K.L.:
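Have a look at this one.
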Protein chains: 2
Amino acid sequence: MSAAPEALEALIRKLQSTSILTEEERQAIRRLPASIRLLVPGQDLVEDGERPAHCGLLVEGWSYRYKLLDEGRRQIISFHVAGDTPDLQSLHLGTLDHGVGALTPCAFALIPHENLKRLTSAFPDVAALLWRETLVDAGIFRTWITAMGRRSAYGRIAHLFCELYLRQEAVGLAADHRCPMPLRQTDLADATGLTTVHISRVLKALRDDNLITFERRQLLIHDWQRLYDAAEFDPTYLHLKSFER
Amino acid sequence: MSAAPEALEALIRKLQSTSILTEEERQAIRRLPASIRLLVPGQDLVEDGERPAHCGLLVEGWSYRYKLLDEGRRQIISFHVAGDTPDLQSLHLGTLDHGVGALTPCAFALIPHENLKRLTSAFPDVAALLWRETLVDAGIFRTWITAMGRRSAYGRIAHLFCELYLRQEAVGLAADHRCPMPLRQTDLADATGLTTVHISRVLKALRDDNLITFERRQLLIHDWQRLYDAAEFDPTYLHLKSFER
DNA sequence: CGCCCATTTGAAAAATTTCAAACGTAGTGG
DNA sequence: CCACTACGTTTGAAATTTTTCAAATGGGCG
């Protein structure tokens, strides 16, 4: 198990983005054993039904949670960027109810449950911050449910782009209404509950309306306000410091 | 603030359904101050955007989480029965990103954040169990996303009935493939992302297929296996003891 | 260059919504 | 006890959204 100190610094930064850690807490996090695991696109970090013994901290790349149904149907449940922990819930749920796959080449830092449990027992404030991470996740799920249930295809996709831009901006991966967007139309379709054909048509409409374009796997948002309006976006659910009320 | 010892016993029972509490932990829970709040149908426990100072433990009745959009559109995010804590996440997220309303007459036990925070700091194992409750919630959200994105209206409704039956059965509120079902067609529509008209037609189809009927606000499941198949149901996501792998 | 994969386009089919009206039932007040 | 009302459910027909199927186009890479 090779040490991966940079990965743990990333976790510290992430947790400190909403709170303050004591020196003692920071040291305890740095003492966590972490091994790095590299994934190629399409490869799984964990599979549905597994009982993992680690949690994965995404250090680099994009990953996604998903569930498979009959006849090749796939639902993507969330997308993840550096700093996210897409299987943190396995710490207390045991069996995974979904898979986690790599969308781009990914680097994960694996931290054993055992050590995380010792850490959270010794430092209740760190436990609260990790708990909080899973609660933000749940807030995003709630918002996706709302998007899928009560937004048009157009609004749903606009909403997803707003979310992915803001989440990347919040961790310094984006600025100027431009951000990496490695998703294929298949991924967009499986995330929004639509077909790739329809995604293609809706993206064309978004382009025709001069809201967005793509350029070398980057999303360029040309009219943030109108995209925001089309999405009926309310950033509260992301629980970002910059939008705190 | 009137004491509500029975309510706290319900919480203890709920937490002990997945784990074991020490006598000391049980005593600490019993010492929590809790006041009872009664709601009539349609009334809100908390509203979207609030920063509540308590968490509500549902002691009696049905409640639901929801979000409102423009033009009267409503999305129901989850349903709750006795033992559930639909705003527990406010303990660490501060601002609510949804409302919690009463579907039937409800009794909630309100527990101040302050006392919950002291409890979870002093007893990491209790913290882990409360954390776990929010993680099961998130698992249900993931499954709803999957249902809305990749299941037909028919399958979606079948799935919801399977879930609501099993969750009630797990806490002793249902048995024999029969359970309370106070939802109106409007609620089903807003939960599944469909219209009431379509809900009416799909319920008719489910009745015509002899899968279910209703009788005095009770759901009667006549063919559990076929309902289960129609829903492509996999109970893993509920993380119930009885289905543990 | 040729191949693979993703995207685009068109036309027809299916699922779901919209609008409008009718129906049923339970509760309220005269 | 009946009439009235409010609310929820059902039904029909037309409109809309989205899917399905099939084929064409485009771009990147070995």
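What you see is a predicted model; the values in this text were computed from it and never measured. Here is how names work: the chains are called A, B, and so on, in the same order as the sequence lines, proteins then strands, and each is numbered from 1.
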K.L.:
State, with a plain yes or no, whether a side-chain heavy atom of B/K67 is found less than 4.5 Å away from one of B/I77.
P.N.:
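A side-chain contact exists here, since the closest heavy-atom pair is under 4.5 Å.
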
K.L.:
Determine the sole option in A/D137, A/D48, A/D44 for which the salt bridge (charged side-chain N to carboxylate O under 4.0 Å, His left out) test with A/R65 is passed.
P.N.:
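Exactly one option meets the salt bridge (charged side-chain N to carboxylate O under 4.0 Å, His left out) with A/R65, and it is A/D137.
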
K.L.:
Have a look at the helix from C/dC1-D/dG30 to C/dG30-D/dC1 and give the angle its two end axes make, five pairs each, rounded to 10 degrees.
P.N.:
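Axis angle across the helix from C/dC1-D/dG30 to C/dG30-D/dC1, nearest 10°: 30°.
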
K.L.:
With DNA chain C as reference, determine whether A/S200 or A/R150 sits nearer its 5' end, using the nearest nucleotide of each.
P.N.:
A/S200

K.L.:
Take atom CZ in A/R178; do more than 12 heavy atoms of anything else shown fall under 6.0 Å from it?
P.N.:
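Incorrect, the count does not exceed 12.
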
K.L.:
At their closest point, which heavy atom of B/S78 faces which heavy atom of B/F141, and how far apart are they?
P.N.:
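Closest approach of B/S78 to B/F141: CB-CE2, 4.0 Å.
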
K.L.:
What's the closest nucleotide to the side chain of B/H198 if the choices are C/dT9, D/dT18, C/dT17?
P.N.:
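My answer, after comparing the listed nucleotides, is C/dT17.
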
K.L.:
Could you please name the option among C/dT9, C/dT7, C/dT17 that lies closest to any side-chain atom of A/V197?
P.N.:
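Nearest listed nucleotide: C/dT9.
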
K.L.:
Indicate, with a heavy-atom threshold strictly under 4.0 Å, whether B/R207 touches base, sugar-phosphate, or nothing.
P.N.:
sugar-phosphate

K.L.:
Let's test your reading of the model: under 3.5 Å, does the base of D/dT20 pair with the side chain of A/R201 as donor and acceptor?
P.N.:
yes

K.L.:
May I ask you to verify if any side-chain N or O of B/Q185 is less than 4.0 angstrom from the OP1 or OP2 atom of D/dC7?
P.N.:
no

K.L.:
Closer than 4.0 Å, any side-chain N/O of B/R217 to the OP1 or OP2 of C/dT25?
P.N.:
no

K.L.:
I want to verify a distance call: between D/dT19, C/dT8, C/dT16, whose nearest atom is closest to the B/L194 side chain?
P.N.:
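So the side chain of B/L194 is nearest to C/dT16.
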
K.L.:
Taking protein heavy atoms under 4.0 Å as touching, what does nucleotides 24-30 of chain D look like 5' to 3' if B marks base contact, S marks sugar-phosphate-only contact and - marks none?
P.N.:
-------

K.L.:
With A/H159 as reference, evaluate A/Y237, A/Y154, A/Y165 under the ring-ring contact (aromatic ring centres under 6.0 Å, His included) test and give the passing residue.
P.N.:
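Only match with A/H159 under ring-ring contact (aromatic ring centres under 6.0 Å, His included): A/Y237.
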
K.L.:
Any idea how A/F79 and A/Y64 line up, ring-wise: parallel (<30°), tilted (30 to 60°), or perpendicular (>60°)?
P.N.:
tilted

